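Have a look at the structure below, then the notes.
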Amino acid sequence: MQPLPKEYNFAEIERRWQQKWEEMGIFRYDWNDTNRVSFSIDTPPPYPSGELHMGNVLNWTYFDMVARYKRLRGFNVLFPQGWDCHGLGIEIQVEKANNIRKRDLPPDQFRGMCMALVEKYIAMMKEGILKLGCSIDWTTEYKTMDPDYWRRTQLSFILLHQKGYMYQGTHPVNWCPHDETAIADAEVDYVKRDGILNYIRFPLEGTDEHLLIATSRPEFIPACVAVEVNPSDERFNKYIGKKIVVPLVNRTVTIIPEESVDPEFGTGVVQICTYGDKEDVKTVMKHKLPVIMLLSENGRINENGGKYHGLTVNQARAAIVQDLTEAGLLDHTEKIQHEVGVCDRCKAHVEILERKQWFMKTRDLTEAVEKNANEVVWYPDYMKNRLIDWARSLDWDWVISRQRLFATPIPVWYCKSCGELILAKPEWVPIDPKLERPKIDRCPKCGGSEFTGETDVFDTWMDSSITCAVHAGWPDRADWKRLFPADVHPSGTDIIRTWAYYLMVRHLALFDETAYKSVLINGMVLGQDGRKMSKSLKNYVAAPEALNKYGSDAIRQWAAGGGATGSDIPYRVQDVEYGRRFLVKLWNVSGFCSKLLADYTPVEADSVELQPLDRWLLSKTEKVTQKVTDAFEKCQFNIAVEEIRNFTWHVFCDAYVEAAKDRLYRPEVHGQNKRAAAQYTLYAVLYRVLQMLSPVVPHLTEEIYQTMYAPDKGYPSLQQAPWPVFNEALVDEPTEKHGDLIVEFIGEVRREKAENRMSLNTPIKTLKVYAGDHSAAEALEDGKADIAGTLKAETVEILPEEGSGRPVAQFPTVHFVAEYQVAAKTS
RNA sequence: GGGCCGUUAGUCUAGCUGGCUAGGACGUCGCCCUCACGCGGCGAAGAUCACCGGUUCAAAUCCGGUACGGCCCA
């Protein structure tokens with residue numbers, strides 16, 4: 001066997017194996033292999049946002065451990081990689097970086113600038129993912145901004161349109177007045193803001209009385225369509241059905257009953273405007289109230305605002321408050337804190353507008369989503385509630401159209417003469433209706449020949465919510481169902497309500513089948529201080545820097561072992577450093593083994609005389625194999641990594657190797673047979689350690705494997721060696737008990753040496769052991785060679801009887817008396 | 001206001017389908033230049049497992065409540 005070099009250069013080793021694996025092509029999904037069962041990972045294509053961050057590191061380490069583990073278990077694994085390019089985020093960055101507004105440029109030029117930025121970001125993220133050593137099948141790489149991907153998004157739309165899931169409608173939508181586009185519920189964040197509650201007098205028609213209503217949005221008075229009170233509110237229910245005058249605009253509206261009005265809030269009388277907030281939308285729908293749209297798409301008051309036409313919302317608010325004050329209608333004001341919806345990209349206050357939009361009938365699928373969410377396996381299980389709660393909470397269908405530029409076009413046209421909708425045929429896509437005509441000459445309805453292409457585009461989630469099918473090869477491969485539904489969809493806690501949800505509704509609608517069979521959840525990465533990691537909190541750690549400093553194998557141990565799957569984990573340098581030290585330990589013990597195994601030829605277990613400690617270690621090895629396998633099966637990476645590390649460091653290195661050293665070094669004393677038995681054990685157990693560690697620490701284990709084991713084992717890569725199967729026959733409880741006694745006994749004698757400030761290799765002249773009974777005596781007698789060797793005892797005398805002396809902590813019936821040479825000399 | 005999750009030594013974290021002296025890491029303290037490793041070894045100290053009540057022969061683990069914290073949503 002080749003000895004390992006003394007120094008361990010992780011940067012060189014990691015780079016080298018990353019290259020070699022790619023050259024070997026061993027991480028590619030094999031479409032020609034029909035023997036192995038397929039296993040597909042629905043890698044979520046990331047939104048390219050710049051350099052890789054520690055959250056990405058956590059995610060990709062999870063994906064990669066699953067991919068590697070499953071391959072070792074004999075699966076034909078698909079681990080694809082794509083990039084989710086489109087979106088408002090990139091548009092905003094391009095606008096900021098170039099100090100432009102997108103509508104001031106030709107659309108193609110703006111799109112080009114977006115693509116250039118995305119390409120730059122992809123390169124940065126890809127570098128990080130490569131450095132992490134992910135076993136991705138790079139032949140699958142795709143970008144959602146490529147026309148070939150448009151084709152899939154557009155085709156999925158066409159099919160869903162044909163199935164009746166897509167419709168156009170004028171409905172209230174969340175609207176970002178800054179970006180001038182509709183946005184989905186999932187894109188609205190809620191933040192606490194200071195506001196002012198205005199108490200305004202609304203005169204009751206035909207009387208001198210008035211009611212005081214409280215509102216934080218007085219600028220919506222011109223769009224007031226009703227006033228509502230709680231029907232059980234004794235103060236006001238007598239006014240229900242009466243007419244009340246909207247101040248300044250002098251319209252009358254009806255006072256209506258509404259249970260959801262909180263009598264405690266404000267005055268208990270509220271105005272309904274179209275639309276001040278989502279509650280207004282619900283009320284308008286429920287009571288079938290008229291709608292007065294007050295805002296235009298850029299957030300300014302429109303012609304329905306009368307004298308306030310053209311003002312911004314804030315200007316209008318000031319003007320209206322001023323006018324109310326002058327008219328003596330503003331009773332008083334009060335400062336409040338309230339939650340307002342803001343655009344998750346630009347943080348502008350989200351308004352609610354009615355505009356013609358495309359929708360997907362997602363609410364029809366809520367029951368199916370819930371049913372499938374319950375059937376899917378979730379790691380950890382309780383995370384399924386997030387998806388179910390979200391699906392149930394949705395008030396509106398999904399708005400899939402956006403008024404943006406950098407996105408997949410919606411493949412429809414409208415006949416200029418009759419307005420007929422022309423839906424693209426599946427064979428027309430990819431197509432951009434803004435640039436191309438439909439591939440028909442005449443409108444099928446009126447015969448007109450002029451068409452207007454749809455200018456709206458798809459929500460980015462329309463691209464990324466079909467990945468389970470796309471990764472499987474849909475729509476181009478006839479055999480795509482081999483890989484569909486995805487075996488595992490990995491997702492962060494923050495995107496369950498978007499990614500996991502949209503995937504489920506789209507695939508259910510398209511194929512009447514669940515998108516994925518299991519969901520693997522990762523938590524968020526926190527800073528060292530336990531708060532969410534962010535640049536503004538100064539607790540941010542750049543992933544490329546960390547990877548360069550500590551190496552992928554160390555960082556991956558942090559990702560795997562930092563906490564339970566699904567829980568948020570802090571980035572802790574101490575954990576990474578522990579990982580580094582573990583690697584050094586593994587490297588050193590491997591080097592030690594390679595030296596002592598230089599003359600070793602692998603043999604079968606029955607050709608060596610295994611000693612008690614050998615059998616003890618082999619039995620423990622089987623048990624840890626079972627635990628680690630079980631942990632990987634349940635995606636409990638933290639348990640897996642802790643089990644292997646503790647076993648390797650403390651059981652294998654500290655206990656076994658230390659006790660077996662004398663046998664290995666001095667065959668002339670103990671005999672060649674006992675040395676061979678120790679060699680056999682070292683060889684077998686180190687290999688097992690490398691195997692079990694390889695999904696977490698792929699580079700170093702590969703390096704050690706290649707030097708020490710490849711010539712004998714024959715697998716081109718450790719990543720292709722079959723996962724060890726738990727062998728119950730090797731578990732031997734009595735032997736483990738005996739071994740534990742030997743190890744504990746050695747420990748106790750060492751403790752005595754330590755307490756007396758003696759070096760551990762202080763020679764013992766005679767060691768007298770009172771085992772307490774025959775069974776213990778036999779066990780110790782069996783391990784006598786290792787005991788004597790490890791403790792540097794010249795003679796060891798083991799007696800079955802009880803006796804006095806120092807008791808062994810874990811085995812208090814065993815006592816010993818040690819006579820030291822040093823003590824004899826100094827006395 | 002609703003939902004979910006959490007509260008374990010100075011710090012982080014495991015265990016929570018109930019059962020030995022609650023495991024690990026970091027940090028702290030003491031000792032040891034033992035021929036793989038001082039990025040090491042051998043040891044030590046440090047936790048009434050948030051609080052109250054219940055179920056049980058037995059609870060960190062199950063049930064109910066309280067307090068505090070986090071995330072998501074309204």
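Worth saying up front: this structure is predicted, and the values here are computed from it rather than measured. Order of the sequence lines fixes the chain letters, A, B, ..., with proteins taken first and strands second; residue numbering starts at 1 for each chain.
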If you assign each of A/Ile746 and A/Glu577 to its closest nucleotide in RNA chain B, which residue comes earlier from the 5' end?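 The answer here is A/Glu577.
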
Given RNA chain B, 5'-ward residue of the pair A/Arg580 and A/Lys792, judged by closest heavy atom: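 Its nucleotide being nearer the 5' end, the pick is A/Lys792.
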
Between [M] and [N], how far apart are the [atom1] atoms? Round to whole Å, please.
| N | M | atom1 | result |
| --- | --- | --- | --- |
| B/C62 | B/G15 | P | 12 Å |
| B/U28 | B/G46 | C1' | 9 Å |
| B/A58 | B/A25 | P | 34 Å |
| B/A45 | B/A60 | P | 22 Å |
| B/C51 | B/A9 | P | 10 Å |
| B/U17 | B/C63 | P | 9 Å |
| B/U48 | B/C12 | P | 15 Å |
| B/C5 | B/G64 | P | 12 Å |

Which salt bridge (charged side-chain N to carboxylate O under 4.0 Å, His left out) pairs, counting each pair once, include a residue from residues 554-569 of chain A, with sequence neighbours left out?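 Every salt bridge (charged side-chain N to carboxylate O under 4.0 Å, His left out) pair that includes a residue of residues 554-569 of chain A, provided the two are not neighbours, is A/Asp64-A/Arg556.
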
Can you list every pair that meets salt bridge (charged side-chain N to carboxylate O under 4.0 Å, His left out) and has a residue in residues 575-585 of chain A, with sequence neighbours left out?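 Pairs touching residues 575-585 of chain A that pass the test: A/Arg572-A/Asp575.
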
About how many Å separate CG of A/Leu693 and CG of A/Leu583, when rounded to the nearest 0.5 Å?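 Taking CG in A/Leu583 and CG in A/Leu693, the distance rounds to 8.0 Å.
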
Using 0.5 Å steps for rounding, measure from the OG atom of A/Ser590 to the CG atom of A/Leu4.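 Taking OG in A/Ser590 and CG in A/Leu4, the distance rounds to 6.0 Å.
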
Qualifying residue for side chain to side chain donor-acceptor pair (under 3.5 Å) with A/Asp614, from A/Arg663, A/Gln679, A/Lys674: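 It is A/Arg663, the one option of A/Arg663, A/Gln679, A/Lys674 that forms the side chain to side chain donor-acceptor pair (under 3.5 Å) with A/Asp614.
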
Grab the stems for RNA chain B, please: at least three consecutive Watson-Crick or wobble pairs, both distances below 3.5 Å, written as range with range.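 Stems found: B:1-7 with B:67-73, B:10-13 with B:23-26, B:28-32 with B:40-44, B:50-54 with B:62-66.
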
Are A/Arg386 and A/Asp389 within salt-bridge range, i.e. N to O under 4.0 Å?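 Salt bridge absent between A/Arg386 and A/Asp389.
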
Measure the distance from [atom1] on [X] to [atom2] on [N] and round it to the nearest whole Å.
| X | N | atom1 | atom2 | result |
| --- | --- | --- | --- | --- |
| A/Tyr550 | B/C39 | OH | P | 15 Å |
| A/Asp277 | B/A74 | CG | P | 12 Å |
| A/Asp280 | B/A74 | CG | C1' | 15 Å |
| A/Ile787 | B/U34 | CD1 | C1' | 18 Å |
| A/Lys627 | B/G23 | NZ | C1' | 10 Å |
| A/Lys661 | B/C42 | NZ | C1' | 13 Å |
| A/Ile764 | B/U34 | CD1 | P | 16 Å |
| A/Asn385 | B/C73 | CG | P | 16 Å |

Checking [X] now: which residues fulfil side chain to side chain donor-acceptor pair (under 3.5 Å) with it, not counting sequence neighbours?
| X | answer |
| --- | --- |
| A/Tyr571 | none |
| A/Glu258 | A/Ser260, A/Lys286, A/His287 |
| A/Asp630 | A/Lys634 |
| A/Glu736 | A/Ser619, A/Lys620, A/Lys623 |

Over all atoms of both residues, closest heavy-atom pair of A/Thr565 and A/Gln636: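 So the two residues come closest at OG1-CA, 4.0 Å.
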
Donor-acceptor contact below 3.5 Å, side chain A/Asp280 vs main chain A/Ile272: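 Between the backbone of A/Ile272 and the side chain of A/Asp280 there is no qualifying donor-acceptor contact (under 3.5 Å).
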
Can you tell me if A/Thr795 uses its side chain to pair, donor with acceptor, with the backbone of A/Lys765 under 3.5 Å?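 At least one qualifying donor-acceptor pair exists.
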
Under 4.0 Å between a side-chain N/O of A/Arg386 and OP1 or OP2 of B/G3, yes or no?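 Negative; the distance criterion is not met.
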
Reckon A/Arg581 has a side-chain N or O less than 4.0 Å from the OP1 or OP2 of B/G38?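 For A/Arg581, the contact criterion (side-chain N or O under 4.0 Å from OP1 or OP2 of B/G38) is not met.
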
Would you say the rings of [Y] and [X] are close, in the sense that their centroids are separated by under 6.0 Å?
| X | Y | value |
| --- | --- | --- |
| A/Tyr578 | A/Trp649 | yes |
| A/Tyr683 | A/Tyr709 | yes |
| A/Tyr502 | A/Trp398 | yes |

Does any residue of [range] have a heavy atom under 4.0 Å from RNA chain B, and if so, which ones, in number order?
| range | value |
| --- | --- |
| residues 370-378 of chain A | none |
| residues 645-654 of chain A | A/Asn646, A/Trp649, A/His650, A/Cys653, A/Asp654 |
| residues 584-598 of chain A | A/Val584, A/Lys585, A/Asn588, A/Val589, A/Phe592, A/Lys595 |

Answer yes or no: does atom NZ of A/Lys627 have more than 12 heavy-atom neighbours from other residues, nucleotides or ligands under 6.0 Å?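 No, because the 6.0 Å sphere around NZ of A/Lys627 holds 12 heavy atoms or fewer from other groups.
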
Across the strands shown, which category fits A/Glu658 at heavy-atom distances under 4.0 angstrom: base, sugar-phosphate, nothing?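 The answer is base, as A/Glu658 lies within the cut-off (heavy atoms under 4.0 Å) of a base atom.
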
Which ring-ring contact (aromatic ring centres under 6.0 Å, His included) pairs, counting each pair once, include a residue from residues 741-765 of chain A, with sequence neighbours left out?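 Residue pairs passing ring-ring contact (aromatic ring centres under 6.0 Å, His included), neighbours aside: A/Phe745-A/Phe816.
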
Could you write out each protein N or O paired with an N or O of nucleotides 9-17 of chain B at a distance under 3.5 Å?
from	atom 1	to	atom 2	distance (Å)
B/A14	OP1	A/Ala564	N	3.0

